[in-house]
Amino acid sequence: KLQAVLFDLDGVIMDTAEFHYIAWKRLAEELGIAIDREFNENLKGISRMESLDTILRHGGKADDYSAEEKRDMAERKNSHYVSLLDRLKPADVYPGIRELLLALREAGIPAVVASASKNAPQILRALELSELFRFVVPPDSVPRGKPAPDLFLRGAEEVGAAPEFCIGIEDAQSGITAIKAAGMTAVGIGSEAMLKAVGADVVLPDTRRLSLEFLRGLLSA
Ligand code: G6P
Ligand code: MG
């Protein structure tokens, strides 16, 4: 029954969600805007430019900068972020993820990355995971980012899977909303209260208990 598994990247495959937070916090400080972890939940899953706009609004500076200045700021955040990726190595993959990907490959079930990040291909290479994914959805190939379902629907379509037989795995509220809007089963990684509130079918505290058997069980229930 299970036809494809679609993975978010940051915060699901490894801890890059934390790197994004550190890099945004640094940029925000340069702009005189304070952000904390609670506010950061709003940034998870959304694109670089949208995140910047959200931070500027939060700081009451939404109209203070030109489009060109904003492009420069987004680039500066990305340099902060990319410098944190330097130390990335295969052992940084979250527990259970590589095993799950190997089991999916063995079973002939495609694994897909559905992330808003333009850094995804580079991160997958550094983690030595590229060949375990059938497809990485290019974020610019769809009109809308999360919470719209576009990235997940595009991924399923590419591998010929019907949404009702797909499972999406996400750590962000915007991502869970996107998976449900795509008509798929949503597995949340992280806070049960936060992710169930937006419709996650099941929430695990971390990736340890993700397995092919567990995922298959969700579709046959
Ligand atoms: C994901 C992350 C966000 C990040 C976005 C864009 O959605 O959850 O935190 O801002 O990707 O990533 P990028 O690497 O393209 O700046
Ligand atoms: Mg994420």
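Computed over heavy atoms, backbone and side chain alike; hydrogens, waters and symmetry mates excluded. Both counts, for ligands and for their atoms, begin at 1 and track the order of listing.
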Check your understanding: For ligand 1, which part of Ser51 has a heavy atom less than 4.0 Å away: the side chain, the backbone, both, or neither?
Key ->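 Within the 4.0 Å criterion, Ser51 contacts ligand 1 through side-chain atoms alone.
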For [atom], closest protein heavy-atom neighbour:
{"atom": "atom 15 (O) of ligand 1", "answer": "Lys118 N, 2.7 Å"}
{"atom": "atom 1 (C) of ligand 1", "answer": "Asp10 OD2, 3.3 Å"}
{"atom": "atom 8 (O) of ligand 1", "answer": "Gly45 N, 2.9 Å"}

Identify whether the distance between the nearest side-chain nitrogen and carboxylate oxygen of [X] and [Y] falls below 4.0 Å.
{"X": "Glu41", "Y": "Lys44", "answer": "yes"}
{"X": "Lys146", "Y": "Asp8", "answer": "yes"}
{"X": "Glu128", "Y": "Lys89", "answer": "no"}

Pairs of nitrogen or oxygen atoms closer than 3.5 Å, one from [X] and one from ligand 1: do any exist?
{"X": "Asn119", "answer": "yes"}
{"X": "Lys44", "answer": "no"}
{"X": "Ser47", "answer": "no"}

Check your understanding: atom 4 (C) of ligand 1: which of Leu43, Ile46, Val82, Thr16 has the nearest heavy atom?
Key ->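 Shortest heavy-atom distance from atom 4 (C) of ligand 1: Ile46.
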Check your understanding: When you measure from atom 16 (O) of ligand 1 to each heavy atom in His20, Arg48, Lys146, which option holds the nearest one?
Key ->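 That would be Arg48.
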Between the main-chain N or O of [Y] and the side-chain N or O of [X], is there a donor-acceptor pair closer than 3.5 Å?
{"X": "Ser79", "Y": "Glu75", "answer": "yes"}
{"X": "Lys180", "Y": "Met184", "answer": "yes"}
{"X": "Lys25", "Y": "Ile35", "answer": "yes"}

Practice item. Check step by step if side-chain hydrogen bond (donor to acceptor under 3.5 Å, both in side chains) holds for Tyr94 and Asp15. Key: CA-CA 7 Å; Tyr94 273 155; Asp15 198 18; 3.1 Å; yes
Proximal heteroatom of [X] relative to the Mg ion (ligand 2) (N/O/S):
{"X": "Asp8", "result": "OD2"}
{"X": "Asp10", "result": "O"}
{"X": "Asp171", "result": "OD1"}

Review point. Taking the six-membered ring of Tyr65 as reference, does the NZ or CZ atom of Lys61 fall below 6.0 Å from its centre and within a 45° cone about the axis?
Key: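 Negative - Lys61 is either too far from the ring of Tyr65 or too far off its axis.
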